[in-house]
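Everything quoted here is computed from the prediction, not taken from an experiment. Along the sequence shown, the residues carry numbers beginning at 1.
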Amino acid sequence: RQRQMCIRDSNPFRAKKLSLSRRRTTLAQNRTRHMETLTQFLIDWGYWGLFFSALIAGSVVPFSSEAVMLVLVHMGLDPVLCVVSAASGNTLGGMSCYWIGTLGKSEWITRLGVKEKQLDKARRFLAGRGAMMAFFSFLPTIGEAIAIVLGLMRSNVWLTGGSMLAGKTLRYIVVLATFQGAASLL
């Protein structure tokens with residue numbers, strides 16, 4: 001039997017009952033609306049908004065800073081400053097994952113949404129390689145785990161940050177060049 005939930009519509013004296021599946025759809029629509037609002041807010045803030053969107057995306061929170069960057073470049077902002085802003089914010093977000101790793105508690109890390117399977121995969125990837133492997137922290141799904149494992153391994157923070165900055169900068173350049181190339185075809 002599905003549980004029912006009462007919500008109020010525009011008339012405060014009348015309530016609607018929603019089934020569990022309808023409630024999930026409503027929650028998903030609200031999340032989408034909130035994400036669109038946040039994205040628009042970050043776009044309105046220009047370079048700083050791009051920096052913060054990249055910082056969010058570089059941490060364990062899923063977000064698309066590439067979309068914000070492409071919209072800002074399309075609106076006429078300087079592509080070089082956009083890449084600098086996005087790469088620095090994303091690196092700072094990635095270094096927050098490194099810091100989480102330095103805390104050294106696996107149960108805290110799994111509570112943040114990073115699965116043990118991702119950590120094991122990152123450990124195997126990093127075995128015997130060290131801080132320079134932070135270059136690959138831009139990779140989807142495993143990037144956060146790489147930074148966390150580097151923190152667990154207590155790798156050199158300056159080498160980790162520098163190689164992470166290089167990898168993330170290269171990623172934003174490739175995304176921007178791909179977008180510019182595709183836009184020129186239209």
Side-chain angles (χ1 to χ4, degrees), residues 28-29 31-101 109 112-115 118-119 121-122 124-126 129-151 155-186:
Q29 290 170 343
R31 271 188 244 132
T32 302
R33 218 173 306 127
H34 292 315
M35 191 61 90
E36 289 172 357
T37 303
L38 177 63
T39 304
Q40 185 59 46
F41 174 77
L42 293 170
I43 288 169
D44 290 343
W45 276 78
Y47 297 118
W48 282 107
L50 179 56
F51 175 84
F52 288 120
S53 71
L55 186 128
I56 293 167
S59 68
V60 294
V61 179
F63 193 75
S64 177
S65 59
E66 292 87 357
V68 175
M69 181 181 71
L70 294 177
V71 168
L72 290 174
V73 169
H74 183 70
M75 289 173 53
L77 271 65
D78 183 27
V80 174
L81 290 177
C82 283
V83 168
V84 168
S85 180
S88 57
N90 206 273
T91 300
L92 191 59
M95 290 306 286
S96 72
C97 292
Y98 174 88
W99 175 77
I100 289 168
I109 295 167
L112 291 171
V114 179
K115 297 178 179 78
Q118 290 175 315
L119 289 174
K121 198 175 193 181
R124 285 192 307 267
F125 182 73
L126 295 173
R129 294 190 176 102
M132 297 303 281
M133 295 309 289
F135 179 86
F136 297 102
S137 65
F138 70 87
L139 294 171
T141 67
I142 194 173
E144 292 88 5
I146 289 172
I148 290 169
V149 170
L150 285 169
S155 66
N156 183 314
V157 69
W158 297 107
L159 282 175
T160 301
S163 57
M164 189 182 291
L165 179 64
K168 291 179 184 266
T169 300
L170 183 63
R171 179 193 64 184
Y172 281 112
I173 290 170
V174 168
V175 166
L176 190 59
T178 304
F179 172 73
Q180 294 289 353
S184 67
L185 294 174
L186 299 176

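Formation of a donor-acceptor pair under 3.5 Å by the S53 side chain with backbone atoms of L50 is found in this model. The backbone N or O of N156 lies less than 3.5 Å from a partner atom in the side chain of T160, making a donor-acceptor pair. Between the side chain of S163 and the backbone N or O of M133 there is no donor-acceptor pair closer than 3.5 Å.
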Let me check something: any side-chain donor-acceptor pairs from residues 89-96 under 3.5 Å, sequence neighbours excluded? List them with distances.
unit_1	atom_1	unit_2	atom_2	d
N90	OD1	K168	NZ	2.5
N90	ND2	A54	O	3.2
N90	ND2	Y172	OH	3.0
T91	OG1	A87	O	2.7
S96	OG	G93	O	2.4

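Sorted pairs that involve residues 77-93 and meet salt bridge (Lys or Arg N to Asp or Glu O under 4.0 Å), not counting sequence neighbours, are lacking altogether.
Note: S137 OG to M164 CE = 4.0 Å, rounded to the nearest 0.5 Å. Atoms CZ and CD1, from R171 and I173 in turn, are 11.5 Å apart once rounded to the nearest 0.5 Å. The line from CD1 of I56 to CZ of F51 is 10.5 Å long, rounded to the nearest 0.5 Å.
Using a 4.5 Å cut-off on side-chain heavy atoms (C-beta onward), F135 and L170 make contact.
The shortest heavy-atom contact between L72 and G46 is CD1-O, 3.4 Å.
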Walk me through whether I142 and F136 qualify under side chain to side chain contact (heavy atoms under 4.5 Å, CB included). CA-CA 9 Å; I142 194 173; F136 297 102; over 6 Å; no
Worked check of side chain to side chain contact (heavy atoms under 4.5 Å, CB included) between Y98 and I148: CA-CA 5 Å; Y98 174 88; I148 290 169; over 6 Å; no
